[in-house]
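Report on one structure; see the data block that follows.
Chain letters run A, B, ... following the sequence lines, proteins first and then strands; every chain starts at 1. Computed from a predicted structure; not experimentally measured.
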Amino acid sequence: MIKKVPKFQSSKYVWFDLNTSPKELRLDTLRCGQSFRWQSVQDHWVCTLGEQLYLLKESAHSVFYGVPEDEAKNSKLVKHMDQTLRDYFQLELLSLEKAYERWSRLDTNFKTKAIHFQGIRMLRQDPWENLICFICSSNNNITRISQMVHKLCIHFGSKIATLDDTDYYGFPTLASLAEEGTESKLRQLGFGYRAKYIAQTAQKIKKEHPEQQEAWVADLRKLSYEETKQTLITLPGVGPKVADCICLMSMDHAEAIPVDTHVWQIAARDYGFGNKQNKTLTTVLYNQIGDHFRTLFGEHSGWAHSVLFSAELKGFEKRLALDSIEHSIVETPDTLDRKKQRIK
DNA sequence: CGATTACCTGTGGT
DNA sequence: AACCACAGGTAAT
């Protein structure tokens, strides 16, 4: 008996050009703590968006998306995928290259960091998915958050495609997470105290907005930044920081500045916000830090903040060190190699 | 309003 | 090998 699941071979893909450039978009964007769902498979990236599996890869000049060979002539599908990705990466919203230039003029610290982190855009994520994923993120590390989100999809989502013997699932619906038993199931899966938050948030929205459910979350896009943030905070497991993440990453509020432990560290170390040691991040301080970056960077300040944040991430600090060696002219090839070895 | 504490779990460092 | 700090915080007191 053969399973009737579409089986794709990575070699049998036709690659379409998203027609962008590294200064506008680099796929590092997929691993800098915005989405926890993209998987890095060999030289490309895989994730489901909506009901469709997306494969991405980048060259030195642009980004490409893969369409199964037997569907590549379905121009309606290709057009839909193209449109979905342009919206997801917000390619039409602003020129990142020009924004980087502006932020670099305004702030020398940004300029220093940005050289090593080109093409980091803000993704425009699905609001419901974004909400649940960032409830998972509280007091947690990116590795485990990614594993948890993956488990959410496997255990509560539906299978969308199989590629090279790996199954890919969509993000679970609100209804599926609002079901009885979700909390204990999530507890068993290692979600800890976030299990209750997820179950309660799903149940609360289902109960208060039975006709809309996920659409209710998406419709928050119609509200102002402050209204959206305050509404989100009423949900279990959503505080100021998580609410700001959602405002920035899926609610079109580019002025939202999530202040987490890293951003606080940056503010304290590079922007004169005193010493992080022996101090608590009060509501007032949280807002002061946000206001500082909003004033400093102006339009789309949340995007600039995200570049600084990326430079702070564990997985990226190595590259920053490597890059700074590469760019240094005084190094002889010999000492250059030795320094690289030391970093690895 | 500010400060403190409990809350789950896995990982990486000593 | 056991131990400990920490991770994109939130809620309760």
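Salt bridge absent: A:Glu101 and A:Lys111 never bring a charged side-chain N and a carboxylate O closer than 4.0 Å. Ionic pairing of A:Asp291 and A:Arg294 is present here: one or more N-O contacts between side-chain nitrogen and carboxylate oxygen are shorter than 4.0 angstrom. Between A:Lys241 and A:Asp244, none of the side-chain N atoms (NZ, or NE/NH1/NH2) sits under 4.0 Å from a carboxylate O, so this pair counts as no salt bridge. A salt bridge does not link A:Lys57 with A:Asp43: none of the charged nitrogens is closer than 4.0 Å to a carboxylate oxygen. Using a cutoff of 4.0 Å between basic side-chain nitrogens and carboxylate oxygens, A:Glu299 and A:Arg102 are not scored as salt-bridged.
A gap of 23 Å separates the C1' atoms of C:dA11 and B:dG10, to the nearest Å. Look at the P atom in both B:dC8 and C:dT13: the space between them is 14 Å, to the nearest Å. With both ends at atom P, the span from C:dG8 to B:dA6 equals 23 Å, rounded to whole Å. Nucleotides C:dA5 and B:dT5 place their P atoms 15 Å apart, quoted to the nearest Å.
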Secondary-structure notation, DNA chain B, from Watson-Crick and G-U pairs under 3.5 angstrom (| other strand): ..|||||.||||||
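A:Phe156 carries A:Lys185 over the face of its six-membered ring, with the cationic atom under 6.0 Å from the centre and within 45° of the normal.
Nucleotides of DNA chain C lying under 4.0 Å from heavy atoms of chain A occupy a range whose first and last members, 5' to 3', are C:dA7 to C:dA11.
Around NZ of A:Lys151, the count of heavy atoms belonging to other residues, nucleotides or ligands within 6.0 Å exceeds 12.
Among the heavy atoms of the strands, none lies under 4.0 Å from A:Met148. Residue-level contact check: A:Gln265 touches neither bases nor backbone, having no heavy atom under 4.0 Å from any strand. Residue A:Phe134 is out of contact with every strand shown, counting any heavy-atom pair closer than 4.0 Å. Within 4.0 Å of A:Val263, counting heavy atoms only, lies no atom of the nucleic acid at all. A:Cys32 comes within 4.0 angstrom of a base, heavy atoms only.
Here A:Asp87 pairs with A:Arg124 under the salt bridge (charged side-chain N to carboxylate O under 4.0 Å, His left out) rule; sequence neighbours left out. Scored by the side chain to side chain contact (heavy atoms under 4.5 Å, CB included) test, A:Gln213 finds A:Leu174, A:Ala175, A:Lys206 as partners (sequence neighbours excluded).
Two residues are said to be in side-chain contact when any heavy atoms from C-beta on lie closer than 4.5 Å; A:Thr280 and A:Leu285 fail this criterion. Side-chain contact between A:Tyr88 and A:Tyr54 is absent, with no heavy atoms from C-beta onward closer than 4.5 Å.
Of the residues in residues 224-244 of chain A, none has a non-hydrogen atom less than 4.0 angstrom from any atom of DNA chain B.
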Review item, nucleotides 7-10 of chain B N/O atoms under 3.5 Å of protein N/O:
from  : atom 1 : to       : atom 2 : distance (Å)
B:dC8 : OP1    : A:Arg187 : NH2    : 2.7
B:dC8 : O5'    : A:Arg187 : NH1    : 3.0
B:dC8 : O4'    : A:Tyr193 : N      : 3.3
B:dC8 : O2     : A:Arg144 : NH2    : 2.9
B:dC8 : O2     : A:Arg194 : NH1    : 2.8
B:dC8 : N3     : A:Arg194 : NH2    : 3.3
B:dC8 : N4     : A:Asn139 : ND2    : 3.2
B:dT9 : O4'    : A:Arg144 : NH1    : 3.1
B:dT9 : O2     : A:Arg144 : NE     : 3.3
B:dT9 : O2     : A:Arg144 : NH2    : 3.0

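Listed for the A:Trp103 side chain is a donor-acceptor partner under 3.5 Å among the backbone atoms of A:Phe297.
Between A:His292 and A:Phe273, the angle of the ring planes goes over 60°, which puts this pair in the perpendicular group of the 30/60° scheme.
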